Q: 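Take a look at this one; I'll ask things after.
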Amino acid sequence: LKVTVSEIDIPLSYGPAFEGERVRKDDLYCQFGAKEQCTELVKMAEMNEIEDGKVTVVGPDIKDCQEGKAYPLAIFVQVAGREFQPDFEPILERQIHHLTNYIQGVMHIGQRDIAWVRVSKAAVDKGFSLEHIGKVLHAKFHQDFTKIADKVEVTLYTKKEDVDKLTATARDEYKTRDERVEKMTDESVEIYYSCTLCQSFAPNHVCTVSPERTGLCGAYNWMDCKASYEINPTGPNQPIEKGECLDPVLGQWKGVNDFVYKASRGNVTHYNFYSMVHDPMTTCGCCEAIAAMLPMCNGIMTVNRDYMGETPCGMKFTTLAGVMGGGASSPGFVGHSKYNVTQRKFIAGDGGIKRLVWMPKIFKEEIKDRLIKRGEEIGIPNFYDMIADETVGTTEEEVYEFLQKVGHPALEMDPIVG
Ligand code: SF4
Ligand code: ZN
């Protein structure tokens, strides 16, 4: 017996029309995330383990929140189904973004452990509760994933200790998912996958996801797109026959260009997978990190969304995202996932990871093990220590001085432009 849910029982208007709606500073009542932790996780459960339609808020809800404040939040969704597989978890999880955005007066940004939910005064006046996010996810997961979701239970945690606990669990899950493409190479497959999930915000934006180039949101890798296509063959993740290779160094294929041209309605004619200098892939607003060129250092920096400080390219993450997050291909900049930094094809066309001269300390520490491993692979075992961070400086001059001191390989490479 399949449960069908056609009505979404919340006191607010709901639908795709509200997806692009912003909650600006003056309209903001309270928010989850921003300077607090906000995490999302979808996990498979056994059929007898969960209760369909059950939504629980553990900890303070909107009515307990103070105007103008930020709070922690963890959205934990358990899904059971005879046809459900763990491979489907990331696909459902990524839907939380637009499904929450469909609620009038509620804005959702980001994904995974960098999610952010902004609640407007108007939504609070109408009686919005966190429970409604759970109701929406329950209803929409049933509607949109009838084939695979038989039961959906949602728990929303707002106490810091619960959020931290779920975040730790979620990070282990993200790691396992990321590593599923670890041993694959772009050469080993003939099919890449498109992702156009973000076109509602960035109409020309098309991610092409290859084994060594995960989606810039960090939430979709090649395996995930493949699973998504299996669930929904007419959905946002379509197989792309990569076709003739037009540039093996920069990473450009005829089949991809043709697809992107059509999917961007003629606005993007071509792009390179492995370059940020020359016609990089388009970037949308949900990238986990943005790389930018540092000409004086003959290298590049990257900054993650959760770092609020200054950077040596002269722009903070928010400024960079504002400039290039609308779906443009911006030479000299590219949005990418955190995981992508240590994938072997990361800006390979511009010289690869050896170009990396600066990144925020928290980002560096987050991917430390993998950076060290990559350093060993490229024959520079102490490469990790050669990457500057904000404790070294946030100007190109300070970074350059440091690079000279440590003998960073970027200084010996061909000019990054020219
Ligand atoms: Fe898909 Fe790219 Fe958006 Fe991620 S950033 S959801 S891969 S279009
Ligand atoms: Zn996006």
Side-chain angles (χ1 to χ4, degrees), residues 16 19-22 40 42 87-102 107-117 144 174 177-178 180-181 186 191-229 231-232 234-240 256 259-260 262-265 267-268 271 273 280-291 302 304-305 317-318 320-330 333-341 343 345-346:
E19 185 175 11
E21 169 206 46
R22 309 262 147 189
E40 299 167 347
V42 170
D87 290 1
F88 301 157
E89 291 165 355
I91 295 131
L92 270 64
E93 192 177 292
R94 191 69 181 104
Q95 313 297 317
I96 297 175
H97 174 54
H98 70 265
L99 295 179
T100 307
N101 260 318
Y102 284 3
M107 180 181 177
H108 183 287
I109 303 156
Q111 58 282 324
R112 285 193 167 185
D113 59 350
I114 52 169
W116 181 14
V117 180
D144 298 351
Y174 306 153
R177 293 176 192 168
D178 290 345
R180 293 176 61 224
V181 290
D186 285 359
I191 301 285
Y192 294 159
Y193 287 92
S194 64
C195 190
T196 48
L197 215 54
C198 285
Q199 285 199 340
S200 38
F201 286 101
N204 300 336
H205 175 63
V206 186
C207 271
T208 307
V209 179
S210 71
E212 292 180 275
R213 221 281 183 190
T214 55
L216 52 79
C217 58
Y220 267 22
N221 64 34
W222 187 88
M223 283 284 188
D224 303 330
C225 292
K226 184 167 179 276
S228 166
Y229 174 65
I231 303 172
N232 182 5
T234 56
N237 303 108
Q238 292 296 312
I240 305 177
V256 175
F259 186 96
V260 169
K262 262 193 242 137
S264 69
R265 286 160 300 271
N267 285 294
V268 183
Y271 57 45
F273 282 46
M281 206 176 272
T282 56
T283 295
C284 68
C286 31
C287 52
E288 280 187 304
I290 297 176
T302 177
N304 53 312
R305 180 181 296 273
F317 180 90
T318 42
L320 283 166
V323 171
M324 46 174 309
S329 167
S330 326
F333 303 92
V334 76
H336 59 88
S337 68
K338 291 179 182 174
Y339 180 77
N340 186 236
V341 175
Q343 290 193 287
K345 291 290 199 313
F346 179 66

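As the structure is a prediction and not an experimental result, all values here were calculated from the model. Just so you know, ligand 1 is whichever comes first in the structure, and atom 1 is the first atom listed for that ligand.
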Q: Counting only N and O atoms by type, is there a donor-acceptor contact under 3.5 Å from the side chain of Thr283 to the main-chain atoms of Val334?
A: no
Q: Excluding waters, which protein N, O or S atoms are within less than 2.8 Å of atom 1 (Fe) of ligand 1?
A: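 Near atom 1 (Fe) of ligand 1, the protein supplies Cys195 SG.
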Q: Checking side chain to side chain donor-acceptor pair (under 3.5 Å) against Glu40, which of Arg94, His108, Arg112 comes through?
A: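 For Glu40, the side chain to side chain donor-acceptor pair (under 3.5 Å) check succeeds only for His108.
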Q: Tell me which one of His98, His97, Glu19, His205 satisfies side chain to side chain contact (heavy atoms under 4.5 Å, CB included) with Ser200.
A: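 Checked His98, His97, Glu19, His205 against Ser200; only one passes side chain to side chain contact (heavy atoms under 4.5 Å, CB included): Glu19.
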Q: Test side-chain contact (heavy atoms from CB on, under 4.5 Å) on Ser337 and Phe346 and set out the steps.
A: CA-CA 10 Å; Ser337 68; Phe346 179 66; over 6 Å; no
Q: Would you check if there is a donor-acceptor pair between the side chains of Ser228 and Tyr193 at a distance under 3.5 Å?
A: no
Q: Sort out for me which residue in Thr214, Ile114, Asn304 forms a side chain to side chain contact (heavy atoms under 4.5 Å, CB included) with Glu288.
A: Ile114
